Structures are given as C-alpha cells and as structure tokens.
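The structure appears right after this line, and notes come after that.
So that the names make sense, note that chain A is the first sequence line, chain B the second, and so on, each numbered from 1. Bear in mind that the values here come from a model prediction, so they are computed numbers and not experimental data. When reading the values below, keep in mind they use all heavy atoms of this one structure, side chains included, and skip hydrogens, waters and symmetry mates.
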Amino acid sequence: MTSFTNKYVLNLLRNLPRLSISNLRNNDGAVKKNKRGRAQHGGDKHGHGNKGSKARQNFMRPGYETGNTPFYMKFPREQYYKDHHVKRQYPPLSLTTLQKMIDLNRIDISKPIDLSVLCNTGLYNINPEDKHFGVNLIDEGADNFKAKINVEVQWASEPTIAAIERNGGVITTSFFDVNSLFILINPKKFFQRGEAIPRRMIPPDDAILYYSSAANRGYLADPEKISWERFVLAQKYGYKLPKIEDDPDYDMLVSRKDQRQIFYGLEPGWVVNLKDKVILKPIDPQLKEFYRS
Amino acid sequence: MLLNCLAKQIRALPSTFTAACRLSTVAVENSEFNEIEEPPMVYGGYTELRQAWVSNLDTIKENPSTIIDLHPQVFGSRPRIDIIHENVVWQKKYKYVSYANTKVTAEVNMSSKKPWPQKGQGRARHGTRRSPLFRGGSVIHGPRSHTTHFYMLPFYKRVYGLTSTLSVKLIQDDLHVVNNLDIPTDDPGYINDLVDSRLWGPSVLFIDDTDTMPKNISLALNQIKHMNLMPVYGLNVYSMLKYETLVLTVAAVKKIQERLLYQLHRPDGHQATRKFMLNKQN
C-alpha cells in the first residue's frame, strides 16, 4: 500500500451505503477451505489413481532414476560450491544507498561510521547466523558520492576506496568475529545482558592477509604504508588527495578502533550498565592484563 | 435510498454555507489552532490532502470554526474493505473461546458390560454400548471444550485496517472533527438534540486523546446506551464500524496521525512484524 490512492475509489464510496459490520466481506477466494471431496466432488481415490507408489505418497528422492545410475553420479564432480556453507559472506551496501542515508539524515557524518551505525538506520541489516561477516561497500554510485566520512567496513573494492578518499574521507576494512558481530549489530541487547565487553578476536588464517594489506586499508596494516597507498590510488584514479591534516574534522577522521576494540570509546572488559547509566571498569590487575590488547 | 443519501448530505451542509466560509476566515485570525506553528505536512505527491471542518459541541447548532488538514496516508488511504473485514473477524475471534463439548467413549456414562456374548446370537460383535455406533454413545471428532480461537493478525494489516476504516468513515461523511468535548449541560437530551439536528448517528462514538473525559459529556452519555466515549489508545476497527458516526477531537486527530504515520514509516518495521509470541511481547 503506497501513498497513492485513486480518488475515484474514494469518491465511489460516497455514493455507496454506509460501511458497517453487516455489509463487510472478504475478497472472493481469499479464504480457501481445504476440504476432502466426497463422491462426485473428488471422492473415491481423491485423484491418486489405483494402488501403487503414487497412491501411497511414496515420493522418490530428487535425482533418483529408479535403478539407473543417476545423472548426477555419472560424471566426475566439479565442486563449485564446495565449503559454501562455511565461507564468509558480506552482504553488499552500495555507495548510492550510503549517500542516500546520509542525505536523509539517517547517518550522522560528524562521527565515525561503523557497522553498528549502519544497522541502526534500520535500512541495512546482517545476520551473523547466516555466515554474514559484515558489510561489503560496493562501488555503485561512486561517481555521485560526495560525503566526507570516516567509515569502517568489512570489505571494500578499490573503486570504493578511491571514491571515499577522493572526498577527503577515510576508510578502514576490519574484521569482527561472530560473537563481536552479534554485539555490534545490536548493542542494546548485549548491554542489557550486563556482561563485560569481550575482546575482538583476530582474523582467521585465510583473512589475515586481506586485513593486513595496506592496499585494502586493512586495520592491521602499517599506517605509513596506508598513507603511501592513498597517494598511489590518487595517482591511479587521477584525483588530488585532500590533506587530512588541514581538515577541520581531523580528530574525527583519524579516530580508529583498536585491534581488540568492538565499540568506539568503549574498551574490552568494561561493563555498560544501562539501568544506572554508568560504565564499570575493571580494577583487578589480572583482569586488566587479560583485556589488554 | 440514493436520493435519501443525497438529501442527507445537502442538509448536512451548514445552513448558510457562505456565512460559514466567512466565519472560518475570521476564525483563522484568532483561532487557537493556528497559534502553534506546525511543520508542513509531508505526504505522497499523488494523493490529495484531506480536509475537515472543525466543529463544536457547546451549541446545538453547528458552528464550524476552522478547517483541519488531514494526512492522506491516514485519512485518505486506499479503502481496503478486505483488510477491514479481516480486522473485524480477528477482533471477534481473538477473545472467543468455544465451550462446545462432546464426550469421548471413556467419558460416556453408561454400563461397561459387554452387551451380548461374542458368539452364538447371530448379531454383530460388540464390547460396549458406549461406542459411537450406538445411540447415546460417544461422538467421533466432536468439539472439545475450551477451544481458543486466538490468533494474531499481521502487524501491518492491523495498521492498514485503521487507516482504511478512518478513510472510509471520512469519505462517507461519518467522521466529524470537534475542537473539544465540552458541553454546557449533563442532560442527555442536549446531546440527543445535537446529534439529531446534525444528522449524526443515531449511534455515535466520541474519541479524545486522553482517558479523563469532561464531566458533562461523561454523565450525559452514561444515560445513552448507543453513544460512547473512547480514548485514542482504544481506537479499533470494530468499534469504528459498530458506531455509525465517529467524532474526533482535534487533539485525537493529531495523536492518531502521529501514531499511525510512525507505524507506517518506522525504520524498525521488521521488529514489529516478527512472529507473535505470547511470552515475548514487544
């Protein structure tokens, strides 16, 4: 149901009797009665012939060819989808959508943007149970992207990085383990549990290369190399790299999370008490040592 | 029938229409509703803004003071009769518990003796007279008591049920807006005369934004069985259709609009549309 209403429909109602409980009815065929027909109304065998496997709901499994070697077993396999159920997925978010969220005040760009902010808009959501490991910022709408942002994503392509940096923004790709993702996408639910914020785990073996590469703006990469790669990318795409040092929002643009940190401004080991609106920090040296990054 | 309707509509217009128009322009200058600067109404460009006269209850004769803008997504939405019907059926059913009951074989109050010997009588073999085959015996697949018919209508069907019903009521001239529910006397005859002269009703539902209603109208309507008062939080499809005329105060209109527009456009709609759980209510 959209905001579009045909005025003739409403005007028609002006000349019809008053709508009341007694003259209401549903659409034709909206309620389907699942009745077993009797006699000539589909009775006797109920459309299932006389005896045999088809009368007894003996459904063959898919691909089974009643004794022949099934087609799917005749040839050597090419496992395109091998391990698909354990592969990490990154549901995409386009730069167009991000720009639209910013234009419609769904996102405040005076603060760093992370997955938590994106999920809070209500327009983007991930489900870690479905092997979603965060957001993939895709380059659709890169030419029209105009915002200066400090964004932390989980996957980004080269044109996306270029589009953000051309506007004087900063992009970081960073990894979150499943537990941290659940906390990040719904912080309120986690804080209500009254547990200490855990440490973020380091990436698995097959992801560590991606997240320590300066070309991908990985969060484990050397900052010196990242600033070199920023210059290289500007040369490659032919734009003048804005100087972050001279920017009035310098502090916002350079703020980054620690490798073990899940939220901006909140360290691992802290407990956020929503009821009393206080933050409890560990004082025990053993705990401090445990949560140290 | 149609002629009657038309005649009613013509009579329902204020007696001196031009005078009323003049009145409204005068009222705009010192009306209490125009004192508060409100943000402009945002709505889809394809739909026309709906409007209604803001009338009064303190005189029997109608004295419309100003015009109120009604949001087309709430008061001019697509009239989905099927959704209204589903809402009414749901409202009837969710509180309904069927107490119809029949007995199973073990519950039938009858002798458990074998009626006749197994063999030698030339009759069919039977072990008990409680069987469904016998007269007075049990019933197969009969109703069993306390069967609840509770179910939850999908969230947005409930929202669209409200917008559709409000839109239908407005377009059929069964929705009226008044500035407040203050009447000068607690005599039920006053409100009867008022409803008669304005061709409302006969059954009327008055809706205000709070549940502490003015004293006079509460006492007056206490005597009249077919008129009722309701706060905005009690607004529902069944009651709107049960009463022929719906009278909203300006405050109620504002609140209904605000609440329904929020529900129509809330960003966390997926939270509202989750599966309904009795022990996990939002």
*Compute the ring centroids of Phe191(A) and Phe263(A), then answer whether they are less than 6.0 Å apart.*
yes

*Select, from Asp268(B), Ile171(B), Leu241(B), Ile81(B), the one with the greatest count of heavy-atom pairs under 4.5 Å involving chain A.*
Ile171(B)

*For a ring pair (Phe, Tyr, Trp, His ring centres under 6.0 Å) with Tyr90(A), tell me which candidate from Tyr124(A), Trp155(A), Phe175(A) qualifies.*
Trp155(A)

*asked:* Does any backbone or side-chain atom of Asn120(A) lie under 4.5 Å from a heavy atom of chain B? Answer side chain, backbone, both or neither.
replied: neither

_Between Thr121(A) and chain B, with a heavy-atom cut-off of 4.5 Å, which part of the residue counts as in contact: side chain, backbone, both or neither?_
backbone

_Heavy-atom side-chain contact between Pro112(A) and Met252(A) under 4.5 Å_ = yes

*By a 4.5 Å heavy-atom criterion (distance strictly below it), what part of Tyr238(B) contacts chain A: side chain, backbone, both, or neither?*
both

*Sequence neighbours left out, what pairs pass salt bridge (charged side-chain N to carboxylate O under 4.0 Å, His left out) with at least one residue falling in residues 122-137 of chain A?*
none

